[in-house]
2 protein chains.
Amino acid sequence: MTTAPDSPNQIMIRKLDSIFVLTDEEKQALTDLPVQIKNIKTNHDIVRVGDQPAQCCFIVEGFTCVYKVSIEGKRQIMALHVPGDIPDLQSLHLRVLDINIASISPCKLGFIQHKDLNQLFERHPRLAGVFWRETLIYASIFREWLLNIGQREAYSRIAHIICELMLRLKAVGLVENNTFHMPVTQAEIADATGMTPVHVNRVFQALRSDGLIQTDKSRMTIPDWNKIQQAGEFDPLYLHIEKDAAS
Amino acid sequence: MTTAPDSPNQIMIRKLDSIFVLTDEEKQALTDLPVQIKNIKTNHDIVRVGDQPAQCCFIVEGFTCVYKVSIEGKRQIMALHVPGDIPDLQSLHLRVLDINIASISPCKLGFIQHKDLNQLFERHPRLAGVFWRETLIYASIFREWLLNIGQREAYSRIAHIICELMLRLKAVGLVENNTFHMPVTQAEIADATGMTPVHVNRVFQALRSDGLIQTDKSRMTIPDWNKIQQAGEFDPLYLHIEKDAAS
DNA sequence: CGAGTACTTGAGGATACTCAACGGTCGTGG
DNA sequence: CCACGACCGTTGAGTATCCTCAAGTACTCG
């Protein structure tokens, strides 16, 4: 009685439901949101600094990242986004974007008009709180990354980011047998952790030889969660996940 | 006809007005918010990881910081807050705090109950958007700090943080003749920039001898804005300030 | 099969850290 | 009024983590 189970909106609903349990009515309202689907290629800017979008997008498939480039030309990746995430939700209240968002893999995106979101919030005031909460969790992740980059050494830093991705993918049901698709290059990990690709590569080798990760192309397997969690000093409180999706 | 001009709420109103111009009616509603004032000493935790506060606070006087401690015992300061700021506004939608907030100078704080805020939002829906915007700007600052720590070298990093503080203080009218009160120790700057106090000290000496800053106790003077702005690669877009307060 | 991209390896070097000690200032109390 | 402790800032010497530069190897795709 609920809805088309394969509507692209479902992945976003699953994500939101993982951080704040939704009623059936709210899920229905979200399912009915008008959405425009677009496919984009790898390494394509979705929005750029200075843009003033009238819409935001959520990820149906693929990974995106938020980045800025320093005047010296160095790129910092500030966030990675996985299916279900809404990377530019902030544009709802910050009209002028101060960041770039790009795909780092082939992506399927769903675009929602701001006006449709605002209408939704009028009818379902609790949902405004859920979306607000979503933006606050992104802020919380930024803070954790600050701790990560500022205080942890390279080995823990990379272990931490892998732990985070695994839990976030698990929340939307994209982890099976401790294995998940992670289409992130070592160069991108480098830009996300404030390191060089060369050093990331060396740390990856150390993580592999210590049995913390197994990689095969872009598939990542975590043989021993406790071990990598400890290495990454990972405490999931900051993700504010309330409910894990069973996969 | 507005209100008691010296009510403690005014500093918060001035801050909010700087990021989203308020109507007189909205200012009045904010002035009427019930507030409890408390004075606290330096280096005192206001809230801690795991707390579930039913209120949030704004700063009337003094500076606070948001911090976390890694398992290795290293402290990362993720944000500095100045008068007018609402450091724990996120607690409105993230019930369990994942951060600590502490004073770094003697502070006067105003506490607002969550229920009073929610009531305010019901009567003035636009204000909910303003407070949401406020949390989004904090997120934007976190992102800029990521760029700062991840990609810039020590000299620019410290110049940048000084630029930011000056602009934020200017927005609430706390800068006179390019001089402002900055009660932040070098050890705190170190924890905020992911450096050691020793190295911060050396960079401060370089900044002084290059004529970018002048310090006298906790008073900071910026003789040449363009120079330090350039050194810090500082672009204020990310602060999303719409209106500067004249001092 | 060639070009592009990602990954890997080596050697040398620089930024920033660690450890340790000293000086200056301020508030407190005898 | 001076002595004391506490905190902050400063300086020096040695060092480690991570960077730079450079080249070479796999893999994928048209």
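Within every chain, numbering begins at 1; the chains are lettered A, B, ... in the order of the sequence lines, protein sequences first and strands thereafter.
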Legend entry - Check: B:His81 ring centre within less than 6.0 Å of B:Phe58 ring centre: no

Inset, instruction - Tell me, please, the opening and closing nucleotides of DNA chain C, 5' to 3', among those with an atom under 4.0 angstrom from a non-hydrogen atom of chain B. - result: C:dA16 to C:dC26

Inset, instruction - Using atom types as modelled and distance alone, determine if a side-chain donor or acceptor of B:Asn148 lies under 3.5 Å from a backbone N or O of B:Arg157. - result: yes

Inset, instruction - Please list, by residue number, the residues of residues 146-166 of chain A whose heavy atoms come closer than 4.0 Å to an atom of DNA chain D; answer none if no residue qualifies. - result: A:Glu153, A:Ala154

Legend entry - Interface with DNA chain C, restricted to residues 178-199 of chain A and to heavy atoms under 4.0 Å: A:Thr185, A:Gln186, A:Val198

Inset, instruction - State the CD1-CD distance between B:Ile71 and A:Gln151, to the nearest 0.5 angstrom. - result: 13.5 Å

Legend entry - side chain to side chain contact (heavy atoms under 4.5 Å, CB included) between A:Arg168 and A:Leu174, worked out: CA-CA 9 Å; A:Arg168 288 170 59 193; A:Leu174 292 176; over 6 Å; no

Inset, instruction - Report the end-to-end axis angle of the helix from C:dC1-D:dG30 to C:dG30-D:dC1; each axis comes from five terminal pairs, and the value is rounded to 10°. - result: 40°

Inset, instruction - Without swapping roles, check the side chain of A:Asp235 against the backbone of A:Leu237 for a donor-acceptor pair under 3.5 Å. - result: yes

Legend entry - Inter-residue atom distance A:Asp88.CG - A:Ile46.CD1, 0.5 Å rounding: 7.5 Å

Legend entry - Near-strand residues of residues 201-215 of chain A, defined as heavy-atom separation under 4.0 angstrom from DNA chain D: none

Legend entry - Side-chain N,O (A:Lys217) to OP1/OP2 (D:dT28) below 4.0 Å: yes

Inset, instruction - Please state how far atom NZ in A:Lys74 lies from atom C1' in D:dC18, giving the value in whole angstrom units. - result: 12 Å

Inset, instruction - Measure the spacing between CG of B:Leu136 and CG of A:Leu94 and express it to the nearest 0.5 Å. - result: 5.0 Å

Legend entry - Any side-chain donor near an acceptor of the partner, A:Glu164 and A:Tyr238, under 3.5 Å: yes

Inset, instruction - Verify the ring-centre separation between B:His199 and B:Tyr155: is it less than 6.0 angstrom? - result: no

Inset, instruction - Quick one: pull up CD1 in B:Ile137 and CZ in B:Phe142 and give me the separation to the nearest 0.5 Å. - result: 12.5 Å

Inset, instruction - Please check if any side-chain donor atom of B:Ser218 sits under 3.5 Å from a side-chain acceptor atom of B:His181, or the reverse. - result: yes

Inset, instruction - Just jot down the side-chain hydrogen bond (donor to acceptor under 3.5 Å, both in side chains) partners of A:Glu233, sequence neighbours excluded, or say none. - result: A:Arg152

Inset, instruction - Supply the atom-to-atom distance A:Ile77 CD1 to A:Ile104 CD1, rounded to the nearest 0.5 angstrom. - result: 6.5 Å

Legend entry - Cation over ring face, B:Lys38 and B:Phe111, 6.0 Å, 45°: yes

Legend entry - Contact check, side chains of A:Met166 and A:Asn178, non-hydrogen atoms, under 4.5 Å: yes

